[in-house]
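Inspection log for the structure reproduced underneath, given as structure tokens.
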Amino acid sequence: MTTILPLRLEDVSVLRKGKRLLGPVSMTLSEGGLTIIVGPNGSGKTTLLKVMHGVERVSAGRVRWAVPDEQAQHHQSYVFQTPIMLRRSVADNLRYPLQLRKTPRDTVETCVADWASRIGLQDLLKLSATRLSGGEKQRLALARALIRRPEVLFLDEPCANLDGASTRDIERLLEEAQQAGTRIIMTTHDLGQAKRLATDAIFMLHGCIKEAAPAEAFFDAPQTSELQAFFRGDIIA
Amino acid sequence: MTTILPLRLEDVSVLRKGKRLLGPVSMTLSEGGLTIIVGPNGSGKTTLLKVMHGVERVSAGRVRWAVPDEQAQHHQSYVFQTPIMLRRSVADNLRYPLQLRKTPRDTVETCVADWASRIGLQDLLKLSATRLSGGEKQRLALARALIRRPEVLFLDEPCANLDGASTRDIERLLEEAQQAGTRIIMTTHDLGQAKRLATDAIFMLHGCIKEAAPAEAFFDAPQTSELQAFFRGDIIA
Amino acid sequence: SEDIKLAVTTSFENSGLSEVLLPAIKEDIGLDVQLLVVGTGQALRLGQAGDVDAILVHSRAAEEKFVEEGYGTYRREIMYNDFVFIGPAADPAEIASSSSAVVALQKIAGTAPPFVSRGDDSGTHKMELSLWESAGLDPAEFADWYRAVGSGMGASLNTAAGLDAYILADRASWLNFGNKADLALLFSGDPALFNQYAFLAVNPEKHPHVRNDLAVKLETWLTSPRAAELINSYQINGETLFTFNAQPR
Amino acid sequence: MSDIFEGLSAAFWLVVTLDPELLQISLRSLQVSLTALVIACAIALPFGTFLAIRRFRYRRLAISVLNALMGLPPVVVGLIVYILLSRSGPFGVLGLLFTPTAMVIAQVIIITPLIASITHQAMRELWAEYHDLLISLNTSAAQRIRTLIWDGRRNLLTAALAGFGRGIGEVGAIMIVGGNIDNATRVLTTAIALETGKGDFALALALGFVLIALAIGVNICIHWLSRTEREGRW
Amino acid sequence: MSDIFEGLSAAFWLVVTLDPELLQISLRSLQVSLTALVIACAIALPFGTFLAIRRFRYRRLAISVLNALMGLPPVVVGLIVYILLSRSGPFGVLGLLFTPTAMVIAQVIIITPLIASITHQAMRELWAEYHDLLISLNTSAAQRIRTLIWDGRRNLLTAALAGFGRGIGEVGAIMIVGGNIDNATRVLTTAIALETGKGDFALALALGFVLIALAIGVNICIHWLSRTEREGRW
Ligand SMILES: Nc1ncnc2c1ncn2[C@@H]1O[C@H](COP(=O)(O)OP(=O)(O)OP(=O)(O)O)[C@@H](O)[C@H]1O
Ligand SMILES: Nc1ncnc2c1ncn2[C@@H]1O[C@H](COP(=O)(O)OP(=O)(O)OP(=O)(O)O)[C@@H](O)[C@H]1O
Ligand SMILES: [Mg+2]
Ligand SMILES: [Mg+2]
């Protein structure tokens with residue numbers, strides 16, 4: 001049970017240099033489940049996630065959590081599409097979010113050791129995080145997000161650079177987190193993964209939400225012709 | 001027909017801070033075909049590609065093209081796993097490799113317009129390349145590599161952030177290039193894509209080449225137990 | 001018009017006399033005098049190197065050496081002013097009533113109030129040192145109250161103003177000085193405090209490129225009745241600063 | 001304390017009455033410092049960038065020395081330039097001593113290490129980003145330097161402005177090589193030093209405020225120019 | 001020309017004979033400039049970083065002014081500090097004029113804008129990289145500044161060294177507020193100015209070479225220290 005949901009977007013738009021990156025979007029994100037956002041490249045998935053999380057400024061409309069923003073921010077984590085690594089060691093990257101919260105030292109160390117082994121980076125703890133391979137960075141970014149025990153977790157294509165086994169491992173981690181009460185919203189281009197994980201799904205096109213439905217209806221009976229085309233692999237933004 | 005192949009690696013190793021990133025690797029890359037490199041995260045795929053291309057320094061062994069390095073370098077292109085964008089507009093990114101070669105202005109402009117539309121970025125030409133979405137960046141990086149008309153093309157997970165339709169488009173572009181005589185070596189985590197494209201394949205593990213074979217044998221009759229496990233999705237580096 | 005480079009000391013420039021003389025020179029003989037305001041030693045060095053055409057300083061021994069070594073052809077005295085003792089208006093050392101400069105210095109050494117010395121081997125500094133010597137005292141043995149500041153006249157006066165200290169200055173610089181703070185002129189008039197300025201043209205045999213012709217022209221003007229009148233009538237706050245004393249040759 | 005206010009009001013009057021002498025020495029200040037800036041940039045930007053991209057044996061030492069040269073005391077630079085340009089020095093025949101050219105030379109020596117150091121620091125980061133791409137594209141060293149300077153131009157602004165600032169406020173060196181000759185080589189800073197020596201603090205401060213205003217003006221101009229370029233991150 | 005060689009050999013002898021006066025003024029130079037550096041860094045590093053991370057209404061103006069302040073003429077700074085610290089000034093009672101403390105104050109004013117500007121420039125880049133992550137992690141402004149300074153410390157080295165260089169070579173301001181008093185406030189640069197005025201160019205140059213050697217020494221020490229840290233990109 002999270003305390004910061006539901007999240008309401010009211011007529012949210014993002015304009016940059018006169019271009020509309022995100023059309024007017026209104027939606028409510030309520031508790032429980034795992035929402036998958038799909039859509040072609042450049043359709044605004046990342047922009048939508050960032051707007052929800054509050055790292056992208058909206059040009060119009062409102063983003064409202066159930067609690068004041070400052071408080072809500074405390075209970076969210078975000079994994080960026082291109083992982084952002086602090087220029088520190090792998091271990092220090094994991095420590096960082098805990099240190100921000102003034103967690104006692106030994107709790108920090110146990111947590112770090114625990115998460116490092118969960119994502120299979122226990123042998124690379126002392127390596128500079130910027131030197132990790134693409135897939136390793138993604139796993140580290142995910143662990144750094146989960147180590148905060150967020151109530152809401154945003155993931156922007158977290159498995160793009162992962163091999164099959166890692167993908168499976170991450171999916172398992174996400175399921176665990178979900179069972180522990182974390183609300184997950186993620187984008188992916190892997191429709192197989194989308195089907196495996198989603199409880200409900202959103203289809204974006206040209207900055208707008210074209211279709212939003214529970215997973216079953218979404219994948220088995222797409223309503224709009226665009227989504228049907230997308231599933232056939234026909235739409236290129 | 002390329003003039004710079006075959007490429008020979010002789011007992012190449014890459015060590016960093018005493019750690020072996022790439023075990024002793026010996027191999028020959030001869031003309032024709034499309035080689036796919038697969039392997040778990042951190043197995044050294046990127047390192048191997050970079051060593052071949054000459055952007056990563058080897059600690060031991062030799063990398064030899066059929067022609068002197070300086071000349072060979074001229075006929076290769078590389079698409080990095082995390083696309084590197086020049087801090088310029090999309091159009092200027094496409095222009096850059098041509099300008100380096102002092103291509104006449106109007107040839108440059110035709111080429112740029114041509115490639116921009118092939119990768120579907122014709123409407124974003126004036127946008128700063130650093131603002132593109134993840135998938136758009138990957139497509140731009142690919143076009144910037146192909147615009148040099150390389151004889152050998154290295155691709156490091158070029159479709160990781162692409163939607164289905166874009167992936168299909170890119171695969172088509174690659175097939176075209178291959179028919180036009182470009183030798184392609186690429187890594188991917190998408191085994192379906194690997195099967196679709198490969199004429200031969202390499203499996204890496206812990207910095208070494210575990211198995212290398214023509215595509216059919218590789219996918220249908222993997223020899224080593226590690227590759228079999230990898231196909232089952234069982235190995236995590 | 002033609003340019004001549006003349007190196008002068010800070011005390012000459014700080015007196016403000018140049019602002020009267022230079023326009024007149026320009027008017028009378030069409031000469032643009034470019035002043036280089038530097039320390040005494042530096043002025044002599046500029047002359048030795050041939051970087052200026054003439055120098056105007058007030059340090060007799062150094063001037064004579066300059067001529068002796070052949071850098072200048074001769075030394076021509078132009079004018080003089082005098083040195084004065086400046087100090088806190090309250091005058092803790094009570095030098096105002098001294099009978100002579102030497103007595104004044106002895107009083108200062110006796111009470112040991114802050115005393116600022118130029119400490120830069122300039123004409124003024126050398127004068128101060130010779131006065132100490134006459135007084136039978138050695139500045140090297142003085143305690144903290146004796147401050148050798150190693151700067152030009154103006155900078156040293158600024159320091160003295162900041163420290164509320166005694167200092168030996170030339171009258172011209174003092175009268176023209178804007179940051180008097182609590183300082184006042186306490187003692188002057190002893191003939192020992194006489195301060196002679198001399199003009200030295202750089203020897204054209206050493207440096208063929210120097211404009212000796214212009215230097216001679218300038219010297220002629222500086223020793224002319226017109227210069228005498230301007231120099232003698234230059235006043236600040238109703239006080240005459242310089243006395244023309246060039247001898248006709 | 002009252003000196004400061006007097007200085008401000010004197011500065012105000014000097015400026016509104018467009019005092020011709022003030023105008024002349026201000027323009028000379030600008031001319032000398034901007035010329036020195038252009039020359040120093042032409043040397044320092046490529047050189048600093050070169051240090052960022054090229055690994056060679058004594059690179060670390062070279063960078064240390066460059067950084068140390070930022071501490072070159074202007075008076076010493078002035079002295080050395082003086083000795084070289086003096087009539088009895090090796091370049092005496094050129095007759096450059098006590099001319100604005102000599103002042104430009106001294107300033108170039110003083111600000112080049114500063115600009116090169118900051119350039120090196122700014123370009124290191126960009127080079128780390130571009131490294132693989134530029135090597136992959138088989139660029140020559142000259143092409144790399146050009147690309148980095150162009151794409152990092154916004155970061156190089158600070159380098160140039162720091163150099164300009166150091167130049168325009170400098171007094172020790174140009175006093176020695178320029179000589180502070182009225183109507184010929186007097187600039188704002190040497191005029192300030194002169195007035196300070198005379199104890200005329202109000203006028204010295206007034207000139208100082210004019211100088212600061214000039215520096216702010218140049219900076220705002222440059223920022224405004226670079227603003228007309230595309231806004232935002234880069 | 002011969003002055004330069006004489007200067008070099010005089011410098012050599014001054015150093016090998018460990019001239020006690022030279023030692024004293026060199027140490028005073030170091031002490032004043034290093035103290036000023038520490039204080040200026042304590043102000044400028046957080047402030048420059050703050051300017052890089054915070055958007056506010058007059059940010060561009062603030063940055064322009066900061067950049068312009070890099071051009072603060074030392075003589076003017078010296079004059080203002082002199083006026084403030086002089087007996088008739090507001091801080092006269094502290095009796096700081098003509099003490100090393102006054103020199104430190106003047107130097108802090110001169111080098112803080114330089115360090116802050118370079119810091120701002122260096123941190124802008126790192127902030128662009130960290131922006132999303134640090135906002136996402138809900139960091140406070142203070143935490144952001146700390147993180148950026150720590151992770152960008154290698155880039156800030158140039159800022160600090162530029163500040164040190166400007167401080168140790170500076171003469172205009174400390175001459176006015178320090179007074180170049182023998183045995184009390186004489187430092188290397190003011191001693192050089194003094195010898196120059198005396199026309200003893202060889203000695204002036206000798207002191208200059210000692211000063212340059214000192215600066216190079218400090219730089220190599222610092223580089224060597226930062227080298228013991230992890231090598232490579234960052
Ligand atoms: N400042 C800007 N001005 C104009 N267009 C912009 C700007 N910033 C981003 N865009 C465009 O906005 C669009 C939406 O980008 P976004 O990153 O949200 O896409 P996405 O759905 O996440 O794509 P992908 O699947 O490739 O990650 C892209 O086409 C991008 O080029
Ligand atoms: N300087 C270094 N010191 C130690 N280890 C390093 C260093 N640089 C890279 N590595 C390690 O080398 C390994 C090989 O990296 P590489 O990028 O080649 O893997 P990859 O096969 O491309 O992985 P991915 O599929 O995740 O892209 C990684 O485990 C990485 O952490
Ligand atoms: Mg995206
Ligand atoms: Mg890789």
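We name chains A, B, ... by the order of the sequence lines, and we start the count at 1 in each one. Side-chain atoms are counted along with the backbone in the values below, which use heavy atoms only and exclude waters and symmetry mates.
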Requested in this report: Give the member of D:Leu161, D:Val76, D:Asn67, D:Ile216 that has the highest number of heavy-atom pairs under 4.5 Å with chain E.
Outcome: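 Most pairs with chain E among the choices: D:Asn67.
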
Query raised in the report: So which of D:Ala122, D:Ala68, D:Ser33, D:Ala159 has the largest heavy-atom pair count under 4.5 angstrom toward chain E?
Result: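 Highest number of heavy-atom pairs under 4.5 Å: D:Ala68.
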
Query - Over all atoms of both residues, closest heavy-atom pair of D:Pro74 and E:Gly169 - result: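 Heavy atoms of D:Pro74 and E:Gly169 come nearest at CD-O, 3.2 Å.
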
Query raised in the report: For the residue pair E:Ala204 and D:Leu79, what are the closest heavy atoms and their distance?
Result: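 Where E:Ala204 meets D:Leu79 most closely, the heavy atoms are CB-CD2, 3.4 Å.
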
Query raised in the report: Relative to chain D, which segment of E:Ile176 carries a heavy atom at a distance below 4.5 Å: side chain, backbone, both, or neither?
Result: side chain

With a sphere of 6.0 Å drawn around [atom1] of [X], does it hold more than 12 non-hydrogen atoms of other residues, nucleotides or ligands?
| X | atom1 | value |
| --- | --- | --- |
| D:Phe56 | CZ | yes |
| E:Arg57 | CZ | no |
| E:Arg59 | CZ | yes |

Report task. Mind checking ring-ring contact (aromatic ring centres under 6.0 Å, His included) for D:Phe201 and listing every partner two or more places apart, or none if nothing turns up? Result -> E:Tyr82

Query raised in the report: Sequence neighbours excluded, which residues qualify as ring-ring contact (aromatic ring centres under 6.0 Å, His included) partners of E:Phe98?
Result: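 Not a single residue meets the ring-ring contact (aromatic ring centres under 6.0 Å, His included) criterion with E:Phe98.
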
Options [options], ranked by heavy-atom pairs under 4.5 Å with chain D, top entry:
| options | result |
| --- | --- |
| E:Leu157, E:Ile118, E:Leu214 | E:Ile118 |
| E:Ile168, E:Leu211, E:Thr189, E:Val218 | E:Leu211 |
| E:Ile192, E:Leu205, E:Leu114, E:Val65 | E:Leu205 |

Within the 4.5 Å heavy-atom criterion, are [X] and [Y] side-chain neighbours or not?
| X | Y | value |
| --- | --- | --- |
| E:Gln121 | D:Arg154 | no |
| D:Asn219 | E:Met70 | no |
| D:Ile220 | E:Arg60 | no |

Query raised in the report: For the atom pair CD (D:Glu129) and CD (E:Glu125), what is the distance rounded to the nearest 0.5 Å?
Result: 7.0 Å

Report task. Among E:Leu207, E:Thr190, E:Leu188, E:Val171, find the one that has a side chain to side chain contact (heavy atoms under 4.5 Å, CB included) with D:Val75. Result -> E:Val171

